[in-house]
Amino acid sequence: MTLLELFSVPFMQRALIAAFLVGIAAPAVGTYIVQRRLALMGDGIGHVAVTGVAIGLWTQTSPTWTAVIVAIAGAVVIEVVRERGHAEGDVALAMLFYGGLAGGVFVTGLAGTGASRLQEFLFGSILTISVDDLLVTMALAVVLILICVGLSPQLFAVSQDADYAKVAGLPVRFYSILVAVLAALSVVIAMRTVGLLLVSALMVVPVAIVQQLTRSFRMTLLGAMGAGLAASVGGLVLAAALSRTGANVQPGPSIVLVALAGFFLVWPLGAWLRRRRALVAPFPETAPEEKPVDEAHPHHHGEKCGHVAVEHGDHVDYIHDGHRHAAHVGAEGEHYDEH
Amino acid sequence: MNPNGKRTVPADVPVQLVHGDVALSGRPVLREVDLTVNRGEFVALMGANGSGKSTLVRTLVGLNPLSAGRLELFGRALGGFHDWSRVGYVPQRSTATGGVPASVWEVVASGRLTHRKLLRPLRSADRAAIRAALEVVGMDAYAHRGVAQLSGGQHQRVLIARALAGRPELLLLDEPTAGVDLPNQHALAAALGRLKDDGATIVLVAHELGPLAPLVDRAVVMRDGRKAYDGPPLSDADVHAQGFDAGHVHCDDASTPSANPAVPTPLKEL
(Lines give C-alpha, C1' and ligand atoms only; values in the text may rest on other atoms or scores of the structure.)
Protein backbone atom coordinates (compact mmCIF):
# COMPACT_ATOMS: atom_id res chain seq x y z
CA MET A 1 0.00 0.00 0.00
CA THR A 2 1.23 3.44 -0.80
CA LEU A 3 1.86 6.14 1.76
CA LEU A 4 -1.29 7.91 0.67
CA GLU A 5 -3.37 4.80 1.19
CA LEU A 6 -1.84 4.49 4.63
CA PHE A 7 -3.29 7.87 5.57
CA SER A 8 -6.76 6.59 4.76
CA VAL A 9 -6.48 3.84 7.34
CA PRO A 10 -8.39 4.82 10.53
CA PHE A 11 -5.63 3.96 13.00
CA MET A 12 -3.21 6.13 11.05
CA GLN A 13 -5.65 9.02 11.03
CA ARG A 14 -6.05 8.72 14.78
CA ALA A 15 -2.29 8.63 15.18
CA LEU A 16 -1.92 11.74 13.01
CA ILE A 17 -4.50 13.71 14.99
CA ALA A 18 -2.81 12.69 18.23
CA ALA A 19 0.63 13.59 16.90
CA PHE A 20 -0.66 16.93 15.67
CA LEU A 21 -2.07 18.00 19.06
CA VAL A 22 0.69 16.48 21.16
CA GLY A 23 3.28 18.12 18.94
CA ILE A 24 1.80 21.52 19.83
CA ALA A 25 0.99 20.93 23.50
CA ALA A 26 4.16 19.22 24.74
CA PRO A 27 6.59 21.97 23.65
CA ALA A 28 4.22 24.65 25.01
CA VAL A 29 4.57 23.13 28.47
CA GLY A 30 8.21 22.39 27.74
CA THR A 31 8.95 26.10 27.25
CA TYR A 32 8.09 26.79 30.89
CA ILE A 33 9.96 23.69 32.02
CA VAL A 34 13.09 24.83 30.18
CA GLN A 35 12.65 28.38 31.47
CA ARG A 36 12.64 27.00 35.01
CA ARG A 37 15.78 25.03 34.15
CA LEU A 38 14.02 21.74 34.78
CA ALA A 39 14.65 20.22 31.37
CA LEU A 40 14.85 16.75 32.87
CA MET A 41 11.60 17.05 34.80
CA GLY A 42 9.56 15.57 31.94
CA ASP A 43 11.93 12.63 31.88
CA GLY A 44 11.37 12.03 35.58
CA ILE A 45 7.61 12.26 35.27
CA GLY A 46 7.76 9.85 32.33
CA HIS A 47 9.59 7.29 34.46
CA VAL A 48 7.09 7.63 37.28
CA ALA A 49 4.18 7.34 34.85
CA VAL A 50 5.40 3.89 33.82
CA THR A 51 4.13 2.65 37.17
CA GLY A 52 0.80 4.30 36.47
CA VAL A 53 0.47 2.53 33.12
CA ALA A 54 1.43 -0.79 34.70
CA ILE A 55 -1.21 -0.38 37.39
CA GLY A 56 -3.77 0.26 34.67
CA LEU A 57 -2.72 -2.87 32.81
CA TRP A 58 -2.73 -4.94 35.98
CA THR A 59 -6.13 -3.80 37.18
CA GLN A 60 -7.47 -3.91 33.61
CA THR A 61 -8.65 -0.34 33.85
CA SER A 62 -7.66 2.44 31.49
CA PRO A 63 -3.87 2.88 31.55
CA THR A 64 -4.42 6.49 30.52
CA TRP A 65 -6.26 7.46 33.69
CA THR A 66 -4.02 5.54 36.07
CA ALA A 67 -1.07 7.20 34.34
CA VAL A 68 -2.68 10.62 34.79
CA ILE A 69 -3.09 10.06 38.52
CA VAL A 70 0.38 8.64 39.14
CA ALA A 71 2.09 11.20 36.88
CA ILE A 72 0.41 14.13 38.62
CA ALA A 73 1.35 12.72 42.03
CA GLY A 74 4.94 12.26 40.87
CA ALA A 75 5.10 15.75 39.36
CA VAL A 76 3.83 17.37 42.55
CA VAL A 77 6.40 15.45 44.62
CA ILE A 78 9.16 16.55 42.24
CA GLU A 79 8.04 20.19 42.49
CA VAL A 80 7.86 20.10 46.29
CA VAL A 81 11.34 18.57 46.57
CA ARG A 82 12.67 21.17 44.13
CA GLU A 83 11.05 24.05 46.00
CA ARG A 84 12.61 23.01 49.27
CA GLY A 85 15.97 23.03 47.56
CA HIS A 86 17.56 20.45 49.83
CA ALA A 87 21.00 19.26 48.84
CA GLU A 88 19.78 15.69 49.01
CA GLY A 89 16.78 16.59 46.84
CA ASP A 90 18.76 15.58 43.79
CA VAL A 91 19.22 12.06 45.12
CA ALA A 92 15.61 11.87 46.28
CA LEU A 93 14.45 12.68 42.76
CA ALA A 94 16.77 10.08 41.23
CA MET A 95 15.32 7.44 43.53
CA LEU A 96 11.81 8.48 42.57
CA PHE A 97 12.64 8.04 38.89
CA TYR A 98 14.24 4.60 39.33
CA GLY A 99 11.39 3.51 41.57
CA GLY A 100 8.85 4.58 38.97
CA LEU A 101 10.49 2.68 36.13
CA ALA A 102 11.31 -0.45 38.16
CA GLY A 103 7.87 -0.45 39.74
CA GLY A 104 6.23 -0.20 36.35
CA VAL A 105 8.14 -3.12 34.86
CA PHE A 106 7.63 -5.15 38.04
CA VAL A 107 3.88 -4.60 38.18
CA THR A 108 3.58 -5.42 34.49
CA GLY A 109 5.28 -8.71 35.27
CA LEU A 110 2.83 -9.34 38.11
CA ALA A 111 -0.01 -8.71 35.71
CA GLY A 112 1.39 -11.30 33.38
CA THR A 113 1.09 -9.00 30.40
CA GLY A 114 4.06 -9.24 28.14
CA ALA A 115 6.81 -6.69 27.90
CA SER A 116 5.59 -5.82 24.40
CA ARG A 117 2.38 -4.38 25.81
CA LEU A 118 4.39 -2.10 28.09
CA GLN A 119 6.72 -1.22 25.26
CA GLU A 120 3.83 0.38 23.38
CA PHE A 121 3.77 2.95 26.16
CA LEU A 122 7.52 3.26 26.54
CA PHE A 123 8.28 4.17 22.91
CA GLY A 124 4.88 4.93 21.41
CA SER A 125 2.81 2.93 19.01
CA ILE A 126 0.79 3.95 16.01
CA LEU A 127 -1.48 0.96 16.00
CA THR A 128 -2.91 1.02 19.47
CA ILE A 129 -4.53 4.42 19.80
CA SER A 130 -8.21 3.79 20.43
CA VAL A 131 -10.98 6.29 19.81
CA ASP A 132 -11.38 6.79 23.56
CA ASP A 133 -7.67 7.46 23.96
CA LEU A 134 -7.82 9.92 21.13
CA LEU A 135 -10.72 11.84 22.67
CA VAL A 136 -8.92 12.10 26.00
CA THR A 137 -5.74 13.18 24.23
CA MET A 138 -7.56 15.84 22.23
CA ALA A 139 -9.37 17.27 25.23
CA LEU A 140 -6.27 17.39 27.43
CA ALA A 141 -4.11 18.82 24.65
CA VAL A 142 -6.54 21.67 24.04
CA VAL A 143 -6.68 22.45 27.76
CA LEU A 144 -2.89 22.44 27.98
CA ILE A 145 -2.50 24.76 25.00
CA LEU A 146 -5.13 27.18 26.30
CA ILE A 147 -3.52 27.36 29.74
CA CYS A 148 0.02 27.72 28.40
CA VAL A 149 -0.95 30.56 26.09
CA GLY A 150 -3.67 32.21 28.18
CA LEU A 151 -1.72 32.33 31.44
CA SER A 152 1.59 33.08 29.74
CA PRO A 153 2.11 36.47 31.47
CA GLN A 154 1.72 34.89 34.91
CA LEU A 155 3.60 31.68 34.14
CA PHE A 156 6.38 33.68 32.49
CA ALA A 157 6.79 35.95 35.50
CA VAL A 158 6.82 33.08 37.99
CA SER A 159 9.28 31.04 35.94
CA GLN A 160 11.55 33.99 35.18
CA ASP A 161 11.90 35.41 38.69
CA ALA A 162 9.97 33.71 41.48
CA ASP A 163 10.98 36.27 44.13
CA TYR A 164 9.77 39.16 42.04
CA ALA A 165 6.52 37.37 41.21
CA LYS A 166 5.91 36.81 44.91
CA VAL A 167 6.36 40.50 45.69
CA ALA A 168 3.98 41.25 42.83
CA GLY A 169 1.39 39.32 44.81
CA LEU A 170 1.18 36.30 42.49
CA PRO A 171 0.45 32.92 44.08
CA VAL A 172 3.85 31.55 43.12
CA ARG A 173 3.43 28.11 44.65
CA PHE A 174 0.10 27.59 42.89
CA TYR A 175 1.60 28.44 39.52
CA SER A 176 4.68 26.28 40.13
CA ILE A 177 2.51 23.29 40.92
CA LEU A 178 0.32 24.13 37.95
CA VAL A 179 3.36 23.89 35.67
CA ALA A 180 4.24 20.52 37.23
CA VAL A 181 0.69 19.25 36.67
CA LEU A 182 0.73 20.52 33.08
CA ALA A 183 3.98 18.64 32.56
CA ALA A 184 2.40 15.46 33.95
CA LEU A 185 -0.59 15.80 31.64
CA SER A 186 1.57 16.37 28.60
CA VAL A 187 3.59 13.27 29.47
CA VAL A 188 0.42 11.22 29.55
CA ILE A 189 -1.04 12.49 26.30
CA ALA A 190 2.31 12.04 24.57
CA MET A 191 2.86 8.49 25.77
CA ARG A 192 0.92 6.90 22.90
CA THR A 193 2.85 8.72 20.22
CA VAL A 194 6.33 9.45 21.62
CA GLY A 195 6.32 7.06 24.54
CA LEU A 196 7.11 7.64 28.21
CA LEU A 197 10.87 7.26 27.91
CA LEU A 198 11.23 9.80 25.09
CA VAL A 199 8.42 12.22 25.91
CA SER A 200 10.79 14.68 27.52
CA ALA A 201 12.54 15.13 24.18
CA LEU A 202 9.36 16.41 22.57
CA MET A 203 9.00 18.92 25.41
CA VAL A 204 12.58 20.15 25.34
CA VAL A 205 14.11 19.75 21.87
CA PRO A 206 11.66 22.05 20.01
CA VAL A 207 12.44 24.76 22.57
CA ALA A 208 16.15 24.19 22.07
CA ILE A 209 15.66 24.52 18.31
CA VAL A 210 13.82 27.82 18.28
CA GLN A 211 15.60 29.57 21.13
CA GLN A 212 18.69 29.68 18.96
CA LEU A 213 16.88 32.11 16.72
CA THR A 214 14.54 34.00 19.04
CA ARG A 215 15.10 36.67 21.62
CA SER A 216 11.64 36.99 23.09
CA PHE A 217 9.76 34.52 25.22
CA ARG A 218 6.61 34.83 23.17
CA MET A 219 8.35 33.94 19.92
CA THR A 220 10.07 31.03 21.65
CA LEU A 221 6.77 29.69 22.95
CA LEU A 222 5.00 29.95 19.61
CA GLY A 223 8.02 28.79 17.64
CA ALA A 224 8.49 25.74 19.86
CA MET A 225 4.85 24.79 19.30
CA GLY A 226 5.43 25.01 15.54
CA ALA A 227 8.69 23.08 15.66
CA GLY A 228 7.11 20.42 17.88
CA LEU A 229 4.22 20.06 15.48
CA ALA A 230 6.58 19.60 12.54
CA ALA A 231 8.74 17.08 14.39
CA SER A 232 5.79 15.13 15.74
CA VAL A 233 3.90 14.78 12.47
CA GLY A 234 7.10 14.40 10.44
CA GLY A 235 8.40 11.67 12.71
CA LEU A 236 5.11 9.81 12.63
CA VAL A 237 5.00 9.90 8.84
CA LEU A 238 8.61 8.74 8.71
CA ALA A 239 7.84 5.79 10.98
CA ALA A 240 4.75 4.92 8.92
CA ALA A 241 6.67 5.19 5.65
CA LEU A 242 9.40 2.93 6.97
CA SER A 243 6.92 0.40 8.28
CA ARG A 244 5.59 0.11 4.73
CA THR A 245 8.93 -1.35 3.73
CA GLY A 246 8.58 -4.06 6.33
CA ALA A 247 10.63 -2.39 9.05
CA ASN A 248 9.15 -2.11 12.53
CA VAL A 249 9.96 1.47 13.56
CA GLN A 250 8.10 2.92 16.52
CA PRO A 251 6.99 6.53 16.17
CA GLY A 252 8.70 7.75 19.38
CA PRO A 253 12.29 7.29 18.26
CA SER A 254 11.60 8.65 14.80
CA ILE A 255 9.86 11.77 16.20
CA VAL A 256 12.79 12.44 18.52
CA LEU A 257 15.35 11.89 15.77
CA VAL A 258 13.49 14.23 13.43
CA ALA A 259 13.46 16.87 16.19
CA LEU A 260 17.18 16.43 16.84
CA ALA A 261 17.88 16.66 13.12
CA GLY A 262 16.01 19.98 13.16
CA PHE A 263 18.21 21.15 16.00
CA PHE A 264 21.42 20.38 14.13
CA LEU A 265 20.08 22.00 10.97
CA VAL A 266 19.29 25.23 12.81
CA TRP A 267 22.43 25.24 14.92
CA PRO A 268 24.80 26.88 12.40
CA LEU A 269 22.27 29.65 11.81
CA GLY A 270 21.89 30.17 15.55
CA ALA A 271 25.65 30.27 16.06
CA TRP A 272 25.99 32.90 13.35
CA LEU A 273 23.18 35.01 14.83
CA ARG A 274 24.65 34.85 18.32
CA ARG A 275 28.03 35.90 17.04
CA ARG A 276 26.54 38.80 15.16
CA ARG A 277 24.54 40.00 18.16
CA ALA A 278 27.50 39.70 20.48
CA LEU A 279 29.44 42.05 18.22
CA VAL A 280 26.61 44.53 17.92
CA ALA A 281 25.21 44.47 21.44
CA PRO A 282 27.56 46.82 23.28
CA PHE A 283 27.11 49.68 20.82
CA PRO A 284 23.51 50.51 20.11
CA GLU A 285 22.80 53.69 18.17
CA THR A 286 21.52 55.39 21.29
CA ALA A 287 24.16 54.43 23.81
CA PRO A 288 23.97 56.51 26.97
CA GLU A 289 26.53 59.23 27.24
CA GLU A 290 29.76 57.53 28.13
CA LYS A 291 32.06 59.25 30.52
CA PRO A 292 35.75 58.51 30.31
CA VAL A 293 36.90 56.71 33.41
CA ASP A 294 40.37 55.64 34.27
CA GLU A 295 40.63 52.09 35.33
CA ALA A 296 43.51 49.97 36.48
CA HIS A 297 43.81 46.95 34.30
CA PRO A 298 45.15 43.52 35.02
CA HIS A 299 46.37 42.76 31.53
CA HIS A 300 47.54 44.37 28.33
CA HIS A 301 45.04 44.42 25.56
CA GLY A 302 46.47 43.08 22.38
CA GLU A 303 45.83 40.68 19.59
CA LYS A 304 45.69 37.71 21.89
CA CYS A 305 43.76 39.02 24.89
CA GLY A 306 40.45 37.77 23.58
CA HIS A 307 38.69 41.12 23.67
CA VAL A 308 37.21 42.37 20.46
CA ALA A 309 39.34 45.07 18.85
CA VAL A 310 37.70 48.10 17.27
CA GLU A 311 39.50 50.81 15.35
CA HIS A 312 38.80 54.21 16.82
CA GLY A 313 40.44 57.16 15.10
CA ASP A 314 44.16 56.97 15.64
CA HIS A 315 44.16 54.00 18.02
CA VAL A 316 42.52 50.65 18.69
CA ASP A 317 39.92 50.12 21.40
CA TYR A 318 39.18 46.81 23.06
CA ILE A 319 35.68 45.88 24.10
CA HIS A 320 35.70 44.97 27.73
CA ASP A 321 32.64 44.32 29.92
CA GLY A 322 30.41 46.17 27.52
CA HIS A 323 32.53 49.28 27.15
CA ARG A 324 35.61 50.21 25.19
CA HIS A 325 39.11 50.39 26.51
CA ALA A 326 41.79 52.48 24.92
CA ALA A 327 45.42 51.96 25.84
CA HIS A 328 46.88 55.14 27.21
CA VAL A 329 50.37 55.70 28.53
CA GLY A 330 50.43 58.14 31.41
CA ALA A 331 52.83 59.19 34.12
CA GLU A 332 52.14 56.07 36.18
CA GLY A 333 52.49 53.69 33.26
CA GLU A 334 50.08 52.18 30.83
CA HIS A 335 46.42 52.12 31.74
CA TYR A 336 43.13 52.06 29.94
CA ASP A 337 40.58 54.76 29.47
CA GLU A 338 36.99 53.68 29.26
CA HIS A 339 35.05 55.44 26.61
CA MET B 1 5.75 66.16 45.45
CA ASN B 2 6.47 68.38 48.39
CA PRO B 3 8.48 66.40 50.93
CA ASN B 4 7.29 68.69 53.69
CA GLY B 5 3.80 67.52 52.98
CA LYS B 6 4.44 64.21 54.77
CA ARG B 7 1.32 63.14 56.52
CA THR B 8 1.48 61.62 59.93
CA VAL B 9 -1.52 59.34 59.60
CA PRO B 10 -0.21 55.86 60.50
CA ALA B 11 -1.90 54.31 57.49
CA ASP B 12 0.26 56.48 55.33
CA VAL B 13 3.61 55.20 56.59
CA PRO B 14 4.96 53.01 53.80
CA VAL B 15 7.16 50.81 56.01
CA GLN B 16 7.02 50.14 59.70
CA LEU B 17 9.05 47.32 61.17
CA VAL B 18 8.95 46.92 64.93
CA HIS B 19 11.39 44.68 66.81
CA GLY B 20 11.85 42.51 63.74
CA ASP B 21 13.73 39.23 64.21
CA VAL B 22 14.55 37.08 61.21
CA ALA B 23 16.14 33.65 61.19
CA LEU B 24 17.27 31.96 58.00
CA SER B 25 17.65 28.17 58.21
CA GLY B 26 17.52 28.43 61.99
CA ARG B 27 20.34 30.97 62.16
CA PRO B 28 19.36 34.38 63.53
CA VAL B 29 20.21 37.03 60.94
CA LEU B 30 18.27 40.09 62.08
CA ARG B 31 17.75 40.97 65.69
CA GLU B 32 15.24 43.46 67.02
CA VAL B 33 15.37 45.75 64.05
CA ASP B 34 13.14 48.80 64.14
CA LEU B 35 12.72 50.69 60.92
CA THR B 36 10.16 53.25 59.90
CA VAL B 37 10.29 54.76 56.45
CA ASN B 38 8.14 57.82 55.90
CA ARG B 39 6.49 58.88 52.72
CA GLY B 40 8.83 60.47 50.24
CA GLU B 41 12.00 59.47 52.06
CA PHE B 42 15.07 58.10 50.31
CA VAL B 43 16.70 55.69 52.75
CA ALA B 44 20.00 53.94 52.14
CA LEU B 45 20.57 50.66 54.00
CA MET B 46 24.29 50.23 54.37
CA GLY B 47 26.74 47.97 56.10
CA ALA B 48 29.39 45.34 55.55
CA ASN B 49 28.78 42.08 53.77
CA GLY B 50 26.78 39.78 55.98
CA SER B 51 25.49 42.64 58.15
CA GLY B 52 21.91 41.79 57.26
CA LYS B 53 21.04 44.68 54.96
CA SER B 54 19.86 42.48 52.08
CA THR B 55 17.99 40.24 54.48
CA LEU B 56 16.30 43.32 55.87
CA VAL B 57 15.06 44.55 52.50
CA ARG B 58 13.87 41.05 51.57
CA THR B 59 12.03 40.95 54.88
CA LEU B 60 10.36 44.26 54.14
CA VAL B 61 8.81 42.86 50.95
CA GLY B 62 7.69 39.66 52.66
CA LEU B 63 10.26 37.27 51.17
CA ASN B 64 11.71 36.38 54.57
CA PRO B 65 9.24 35.60 57.34
CA LEU B 66 9.63 37.39 60.67
CA SER B 67 10.29 35.05 63.57
CA ALA B 68 9.31 37.84 65.95
CA GLY B 69 8.17 41.41 65.65
CA ARG B 70 5.69 43.17 63.46
CA LEU B 71 5.82 44.53 59.92
CA GLU B 72 3.30 46.91 58.44
CA LEU B 73 3.20 48.18 54.87
CA PHE B 74 1.07 51.26 54.34
CA GLY B 75 -0.46 50.72 57.75
CA ARG B 76 -1.52 47.11 57.25
CA ALA B 77 0.10 44.07 58.82
CA LEU B 78 1.96 42.07 56.18
CA GLY B 79 -0.46 39.14 56.32
CA GLY B 80 -3.38 41.42 55.53
CA PHE B 81 -1.58 43.50 52.95
CA HIS B 82 -2.67 42.70 49.41
CA ASP B 83 -2.13 45.98 47.66
CA TRP B 84 1.12 44.92 46.04
CA SER B 85 0.70 47.32 43.15
CA ARG B 86 1.86 50.03 45.58
CA VAL B 87 5.18 48.24 46.12
CA GLY B 88 8.01 47.88 43.64
CA TYR B 89 10.87 45.51 44.31
CA VAL B 90 14.18 45.30 42.51
CA PRO B 91 15.93 42.09 43.54
CA GLN B 92 19.65 41.64 43.60
CA ARG B 93 20.67 41.08 40.04
CA SER B 94 21.58 37.49 39.42
CA THR B 95 23.76 36.56 36.52
CA ALA B 96 21.48 33.59 35.93
CA THR B 97 18.67 34.34 33.54
CA GLY B 98 15.82 32.03 32.68
CA GLY B 99 16.53 29.06 30.45
CA VAL B 100 14.54 30.60 27.60
CA PRO B 101 15.15 33.94 25.83
CA ALA B 102 13.13 36.88 27.10
CA SER B 103 13.03 40.37 25.67
CA VAL B 104 13.48 43.54 27.68
CA TRP B 105 9.87 44.44 26.89
CA GLU B 106 8.58 41.15 28.27
CA VAL B 107 10.54 41.41 31.50
CA VAL B 108 9.35 44.97 32.08
CA ALA B 109 5.79 43.98 31.10
CA SER B 110 5.71 41.51 33.98
CA GLY B 111 5.84 44.57 36.21
CA ARG B 112 2.28 45.33 35.09
CA LEU B 113 0.91 42.07 36.48
CA THR B 114 -0.17 43.77 39.68
CA HIS B 115 -2.58 45.82 37.56
CA ARG B 116 -3.73 43.17 35.09
CA LYS B 117 -6.60 40.77 35.30
CA LEU B 118 -6.23 37.13 34.35
CA LEU B 119 -6.53 36.25 30.66
CA ARG B 120 -6.60 39.86 29.52
CA PRO B 121 -4.16 41.24 26.99
CA LEU B 122 -2.08 44.33 27.67
CA ARG B 123 -4.20 47.47 27.55
CA SER B 124 -2.92 50.71 26.14
CA ALA B 125 -2.43 52.03 29.68
CA ASP B 126 -0.17 49.04 30.38
CA ARG B 127 1.84 49.70 27.24
CA ALA B 128 2.20 53.37 28.11
CA ALA B 129 3.45 52.50 31.60
CA ILE B 130 5.97 50.02 30.20
CA ARG B 131 7.25 52.56 27.69
CA ALA B 132 7.48 55.25 30.35
CA ALA B 133 9.39 52.94 32.70
CA LEU B 134 11.87 52.08 29.95
CA GLU B 135 12.34 55.77 29.22
CA VAL B 136 13.01 56.62 32.86
CA VAL B 137 15.91 54.17 32.97
CA GLY B 138 17.05 55.09 29.46
CA MET B 139 16.46 51.65 28.01
CA ASP B 140 13.66 52.44 25.57
CA ALA B 141 15.90 51.80 22.57
CA TYR B 142 16.52 48.26 23.84
CA ALA B 143 12.92 47.14 24.24
CA HIS B 144 13.18 44.30 21.76
CA ARG B 145 16.62 43.12 22.72
CA GLY B 146 17.04 39.87 24.59
CA VAL B 147 17.91 40.40 28.26
CA ALA B 148 20.71 37.85 27.99
CA GLN B 149 22.57 40.21 25.63
CA LEU B 150 22.65 43.12 28.04
CA SER B 151 25.56 44.23 30.15
CA GLY B 152 25.23 44.05 33.93
CA GLY B 153 24.31 47.70 34.28
CA GLN B 154 21.74 47.54 31.51
CA HIS B 155 20.19 44.44 33.03
CA GLN B 156 19.97 46.21 36.37
CA ARG B 157 18.15 49.12 34.75
CA VAL B 158 15.70 46.69 33.15
CA LEU B 159 14.91 45.22 36.57
CA ILE B 160 14.31 48.72 37.87
CA ALA B 161 12.06 49.49 34.90
CA ARG B 162 10.08 46.33 35.70
CA ALA B 163 9.43 47.64 39.20
CA LEU B 164 8.60 51.11 37.88
CA ALA B 165 6.12 49.79 35.32
CA GLY B 166 3.75 49.02 38.19
CA ARG B 167 3.88 52.71 39.23
CA PRO B 168 4.77 51.89 42.84
CA GLU B 169 4.61 54.37 45.70
CA LEU B 170 7.29 52.45 47.57
CA LEU B 171 10.35 51.18 45.78
CA LEU B 172 12.83 48.80 47.42
CA LEU B 173 16.10 48.04 45.67
CA ASP B 174 18.61 45.40 46.69
CA GLU B 175 22.17 46.41 45.75
CA PRO B 176 21.27 48.10 42.47
CA THR B 177 24.81 49.40 41.98
CA ALA B 178 26.69 46.16 42.63
CA GLY B 179 28.78 45.23 39.61
CA VAL B 180 27.55 48.23 37.63
CA ASP B 181 30.07 50.45 35.90
CA LEU B 182 30.20 54.15 36.64
CA PRO B 183 28.34 55.47 33.57
CA ASN B 184 25.50 53.09 34.36
CA GLN B 185 25.57 54.15 38.01
CA HIS B 186 25.06 57.73 36.87
CA ALA B 187 22.17 56.67 34.65
CA LEU B 188 20.71 54.82 37.60
CA ALA B 189 21.07 57.82 39.88
CA ALA B 190 19.32 60.00 37.31
CA ALA B 191 16.42 57.54 37.10
CA LEU B 192 16.04 57.34 40.88
CA GLY B 193 16.28 61.11 41.12
CA ARG B 194 13.32 61.47 38.78
CA LEU B 195 11.32 59.03 40.86
CA LYS B 196 12.17 60.83 44.02
CA ASP B 197 11.03 64.10 42.47
CA ASP B 198 7.74 62.39 41.67
CA GLY B 199 7.27 61.66 45.35
CA ALA B 200 8.20 57.98 45.51
CA THR B 201 9.47 56.48 48.74
CA ILE B 202 12.74 54.68 48.11
CA VAL B 203 14.64 52.17 50.22
CA LEU B 204 17.92 51.09 48.74
CA VAL B 205 20.55 48.61 49.85
CA ALA B 206 24.03 49.65 48.89
CA HIS B 207 27.52 48.71 49.83
CA GLU B 208 28.75 52.03 48.49
CA LEU B 209 26.58 54.92 47.39
CA GLY B 210 28.76 56.47 44.71
CA PRO B 211 26.68 58.73 42.44
CA LEU B 212 23.56 57.98 44.51
CA ALA B 213 24.92 59.85 47.53
CA PRO B 214 23.28 63.22 46.75
CA LEU B 215 19.83 61.61 46.71
CA VAL B 216 19.98 60.00 50.13
CA ASP B 217 17.92 61.61 52.90
CA ARG B 218 18.78 59.16 55.59
CA ALA B 219 21.24 56.36 56.13
CA VAL B 220 20.65 53.20 58.15
CA VAL B 221 23.75 51.19 58.85
CA MET B 222 23.46 47.53 59.76
CA ARG B 223 26.02 45.59 61.75
CA ASP B 224 25.74 41.94 62.77
CA GLY B 225 22.03 41.91 62.11
CA ARG B 226 21.32 44.96 64.26
CA LYS B 227 20.74 48.55 63.37
CA ALA B 228 23.99 50.35 64.18
CA TYR B 229 23.16 53.82 62.93
CA ASP B 230 20.09 55.63 61.77
CA GLY B 231 20.42 59.26 60.84
CA PRO B 232 21.63 61.79 58.34
CA PRO B 233 23.53 60.45 55.35
CA LEU B 234 27.07 59.29 55.86
CA SER B 235 29.78 59.25 53.29
CA ASP B 236 31.01 55.88 52.16
CA ALA B 237 34.22 56.57 54.01
CA ASP B 238 32.32 57.19 57.26
CA VAL B 239 30.49 53.91 57.03
CA HIS B 240 33.68 51.96 56.64
CA ALA B 241 36.01 54.09 58.72
CA GLN B 242 33.88 54.69 61.78
CA GLY B 243 33.90 51.05 62.61
CA PHE B 244 30.36 50.08 61.86
CA ASP B 245 31.78 46.93 60.41
CA ALA B 246 33.70 45.90 63.49
CA GLY B 247 33.66 48.63 66.06
CA HIS B 248 31.74 49.80 69.06
CA VAL B 249 28.93 51.92 67.81
CA HIS B 250 25.66 50.82 69.36
CA CYS B 251 22.30 51.00 67.86
CA ASP B 252 19.66 53.23 69.31
CA ASP B 253 18.74 51.60 72.56
CA ALA B 254 16.65 48.69 71.43
CA SER B 255 14.50 48.75 74.55
CA THR B 256 13.17 52.18 73.69
CA PRO B 257 9.90 51.97 71.86
CA SER B 258 10.31 53.17 68.35
CA ALA B 259 8.38 56.33 68.89
CA ASN B 260 10.57 58.25 66.57
CA PRO B 261 13.04 55.95 64.89
CA ALA B 262 13.09 58.01 61.78
CA VAL B 263 15.36 60.96 61.99
CA PRO B 264 13.83 63.59 59.79
CA THR B 265 16.41 65.32 57.73
CA PRO B 266 16.05 68.22 55.39
CA LEU B 267 15.85 67.23 51.80
CA LYS B 268 19.13 67.85 50.08
CA GLU B 269 19.41 69.71 46.88
CA LEU B 270 19.74 67.35 43.97
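In what follows, chains carry the letters A, B, and so on, assigned in the order in which the sequence lines appear, proteins first and then strands, with residues in each chain numbered from 1.
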With rounding to the nearest 0.5 Å, note down the distance linking [atom1] in [X] to [atom2] in [Y].
| X | Y | atom1 | atom2 | value |
| --- | --- | --- | --- | --- |
| A:R215 | B:H144 | CZ | NE2 | 10.0 Å |
| B:W84 | A:K166 | CH2 | NZ | 9.5 Å |
| B:L118 | A:Q154 | CG | CD | 5.0 Å |
| A:D161 | B:L159 | CG | CG | 7.5 Å |
| B:S110 | A:F156 | OG | CZ | 5.5 Å |

Under 4.5 Å from a heavy atom of chain B, the part of [X] involved:
| X | result |
| --- | --- |
| A:V34 | both |
| A:L221 | neither |
| A:T214 | both |

Below 4.5 Å, heavy-atom pairs only: which of B:P91, B:A102, B:A163, B:G146 has the largest tally toward chain A? B:A102

Can you tell which of B:P121, B:G88, B:G111 has the highest number of heavy-atom pairs within less than 4.5 Å of chain A? B:G111

Heavy-atom distances under 4.5 Å only: say whether B:L119 touches chain A with side chain, backbone, both or neither. both

Which bit of B:R116 is near chain A, if near means a heavy-atom gap under 4.5 Å: side chain, backbone, both or neither? side chain

Are any side-chain N or O atoms of B:E106 and backbone N or O atoms of A:F217, one a donor and one an acceptor, separated by less than 3.5 Å? yes

Would you say the side-chain atoms of A:Q160 pair up with the backbone N or O of B:V107, donor to acceptor, closer than 3.5 Å? no

Pair count under 4.5 Å, heavy atoms only, with chain B: among A:S159, A:G150, A:P153, A:A39, highest is A:P153

Residue selection (most heavy-atom pairs with chain B, distance under 4.5 Å) from A:S152, A:A224, A:G169: A:G169

CZ (A:R274) with more than 12 external heavy atoms under 6.0 Å: yes

Side-chain heavy-atom pair A:D163, B:R58 within 4.5 angstrom cut-off: yes

